[in-house]
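Whatever order the structure lists ligands and atoms in, that order sets their numbers, starting from 1.
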Amino acid sequence: MNPWDQFTGANAGYVQELYERYQQDPGSVDEATRQAFAAWAPSVEDGIISTAGAQVGGAAELKAGIAAFTLAESIRRFGHLAARLDPLGFDEPVGDPSLNAQAHGLTADVLRRLPADIVGGPAAQGAANADEAIERLRAVYCRNTGHDYNQVFVPAEREWLRHAVESSRFCPPNDPIDSRELLNRITQVESFERFLHRTFPGKTRFSIEGLDMMIPVLDEIISDAAAAGVKHVMIAMAHRGRLNVLAHTLQKPYEQILAEFKDPLFSRSWRVDLGWMGDVKYHAGARVERRDDLPDTLVVSMPPNPSHLEAVDPVLNGMARAAATDVDQPGPPRFRKEQVLAILIHGDSAFPGQGVVAETLNLSRLTGYDVGGIIHIIANNQLGFTAEPHESFSTSYASGLARGFKIPITHVNADDPVACIEAARLAWAYRHRFGLDYLIDLVGYRRYGHNEGDEPAFTQPRIYQLVTNHPTVRELYARTLADSGHVPAADAEAMVQQHFGAMERAYAEMKPEQDFIPPLPEIPPTGAAQRAVTAVPMDRLRAINHELLSAPAGFTVHRKLERGRERRKVMFDAPGERTIDWAAAEELAFASILADGVPIRLTGEDVERGTFSHRHAVYHDAATGDEYVPLQAFPSAKAAFEVHNSPLTENATIGFEFGYNIQEPNRLVLWEAQYGDFINGAQVILDEFLTSGRAKWGLAPSLVLLLPHGYEGQGPDHSSARLERFLNAAADTNMRIANCTTAAQYFHLLRRQAQLLTTDPLPLIVMTPKSLLRHPGTASTPAELSDGRFQKFIDDDGIKQPAKVKRLVLCSGKIYVDLATSEARKDNQSVALTRVEQLYPFPVDQVRAAFARYPKLREVCWVQEEPENMGAWEFVRPLLEQLIDGRWPLRYIGRVRNSSPSEGSSAWHAANQRAIVDQVFEQKLDPKELDRVLSKQV
Ligand SMILES: Cc1ncc(C[n+]2csc(CCOP(=O)(O)OP(=O)(O)O)c2C)c(N)n1
């Protein structure tokens, strides 16, 4: 064997350099290299290198061979820099010196004398010499497509990509593209936009024009996916081209789209009686079951999304995961990636700019989040509103971010239909083969302004001089096909008439607009929450507990955890004692829900152990590290359980769980924050999907958020789950918000949520405890789980003579425990401590009943530990005022208004906390001390 064969590209150059050094001074290379070179036994005679006597060529020729190989490698690596990607040709491709033969000391003559094999790969096959093979490579890498895949570090994947890109496997004639069909489709895409443009001049539609190939690209991917057995294709995208995708990919009837254009009011005003206001037409989602000529029914769907660019990305991700996850069997769920394909269409400014994109890409290979590869398409019109690329991203391409996630990228000129289809085929083939993400950077332009009412020449006069004179892709392709004799010009013109005519007919024959009103979401039945039966018979609980505590033979539980398990074993021995702490209540709730046949997915930062080391949903064998998940193994389970530590992301992970939840609403989906304070990292998802998704789009989420909340002297970022933000968004019964004070309440709350998934689904926001997780005051008796139900409001059962009560205190969450366990509370019968366990919907009737219970009331106080402008005060105040109706004064006791949630000092915290407790029981502080305590905030 010729030893040089072992080295390719840059390696060959490096070895040659080493070899030259070795020749000059054998001591200048290391021992192993010296031995290797000596073993080759090369003899250098008159510039001829021979190995074991076999002559392989002159030194100059060898050098030329290595140079040719390096040139080929440069083309493979950097060829995309020379590709003509911009249909407008506004900027010349930047190119790269390494792409020129001269830079490698080569001429065409020299290349012609070298064998094609030097170039390697499919391009060399059948080529007469290296020059021809290099030209073929240029045609692959430097024409209208830029292949950008060297960030793929797994050799097998990279090799596959190289071979796929360079072989004719994805090009005609092996798998010919039906050019007539393709022209027809482009004509349909263009006619749709032109008709709308002419009929509704100036109306916003975010036309696809300039990126018309997006539709045939989607066609190609979807039909390939369907042929491979995919059952569900899910697409998410922003405004650009969305109407065209809805019409042509999701088969939304023209009539419906036209009706929405004609009178946008009708699509906005449905269910005004319920406060459901709808949304603009380019946010609407759709779902279609397609048979076409497919082997099986294929569901293609697109969720609705807000204006917030890219916010839908993780939502789609979660939807895709849910759609392909089987949960009917106990144990871990089974994800079947072959069933689903997710496609995300991004904007070229939004993709690099919006952080949620990186957060979503980061989910792609994580256990519990992977969806078997997303195909990303950047709808790259080279502008973002008025911003140009140099104002939008610091990467070389809009797609640059994807490189860090090892995602192969194809940049393709959107005016080259065949290149676009090849890109689509390659993307699907890679995704199908490896189950990994792929990105198509579809580079086009924008025919009009940001929307059709905008004047783009104000800001991009030179670009728009080019755009105005630039033929459409349909015109260009029609011309090409006419020139090549494939489709006569008259046929192309007939296609225009046909598609324009279809739009005209749809418009003329449009039925009254009512016919197109989308189905109304069902009004949730009232009272389902009250009817939920959440108690579990004691025997059953005991049996489940026993099952949960048996570990596999030979499994060594950590010794400290074993002690806790020992305690749990006797938990049911005294049904009247407070043996059930928060974590035990949660595990029993989960187990009983699974035993009822409802699957559960629990994720969040460090949820497997729990931030406060209380949960231990996953045990790790102390000796081997093997994992054991009791909720996946206990015999009574009838459905799957999964628990995953999430990546350190709030926005994308909650978005993901939201998507998972709305896709498969019959599963209990919970997300837990590390501390509730970090929830504001997900504010976009909360505002745009969780709290308003029903009003805007008729969605029915039931996601549970577990948010550790409570003032314990930690810093301002470890105190508050921003309860006020949820309460601020609470309207139209869009969620339930709870802050419960006992383990049993939490048990019943979770079980109630599981029962309401189908009958009265609403998101459930729970302020959960931290130090109180182990506080005896929050522990419950087994009997409280086997009897009773979730109580939205708990009156003061310590008051024996209600007539003595002068002050009625209402509070929620941890402050109750501080008050109830304070010295001042002992024997105090004039202050009744009541708890609002569910803040929204507010327990109006129960509070009213409490008012009635205390005949000698003098005042009502709302007590909270949050500052006055935070927590529940501003939400409950008008409600309480209404209920009080002027009968008593309403007082606020709590921290004063503050811009920061907490003191940031445990000493200040303790002083303020004491001041609150003292005020509640009217053991006033010395006024000077009070001044000192509060002055920090005044
Ligand atoms: C998060 C967010 N910020 C700002 C906007 C306002 N906005 C709407 S479209 C747009 C430009 C988007 O550019 P690009 O991503 O390239 O998509 P294009 O409109 O060009 O298709 C902007 C800034 C928005 N919708 N969402």
Give the atoms of ligand 1, by number and element, whose distance to some non-hydrogen atom of [X] is under 4.0 Å.
| X | result |
| --- | --- |
| Ala350 | 15 (O) |
| Ser349 | 13 (O), 14 (P), 15 (O), 16 (O) |
| Leu383 | 16 (O), 20 (O) |

message: Tell me whether Arg84 at atom CZ has more than 12 heavy atoms from other residues, nucleotides or ligands lying less than 6.0 Å away.
response: no
Can a salt bridge be assigned to the pair [X] and [Y] using a cut-off of 4.0 Å between side-chain N and carboxylate O?
| X | Y | value |
| --- | --- | --- |
| Asp219 | Arg185 | yes |
| Asp732 | Arg694 | no |
| Arg446 | Glu209 | no |
| Glu260 | Lys252 | yes |

task: Could you check whether the rings of Phe351 and His376 sit parallel, tilted or perpendicular, using 30° and 60° as the cut-offs?
output: perpendicular
message: Considering Arg242, His308, His239 one by one, which has a heavy atom nearer to atom 19 (O) of ligand 1 than any of the others?
response: His239
message: Any nitrogen or oxygen of Gln354, side chain or backbone, less than 3.5 Å from one on ligand 1?
response: no
query: How does Asn381 reach ligand 1, by side chain, by backbone, by both or by neither, if only non-hydrogen atoms under 4.0 Å count?
result: side chain
- line: Under 4.0 Å between heavy atoms, the region of Glu310 that gets near ligand 1 turns out to be neither
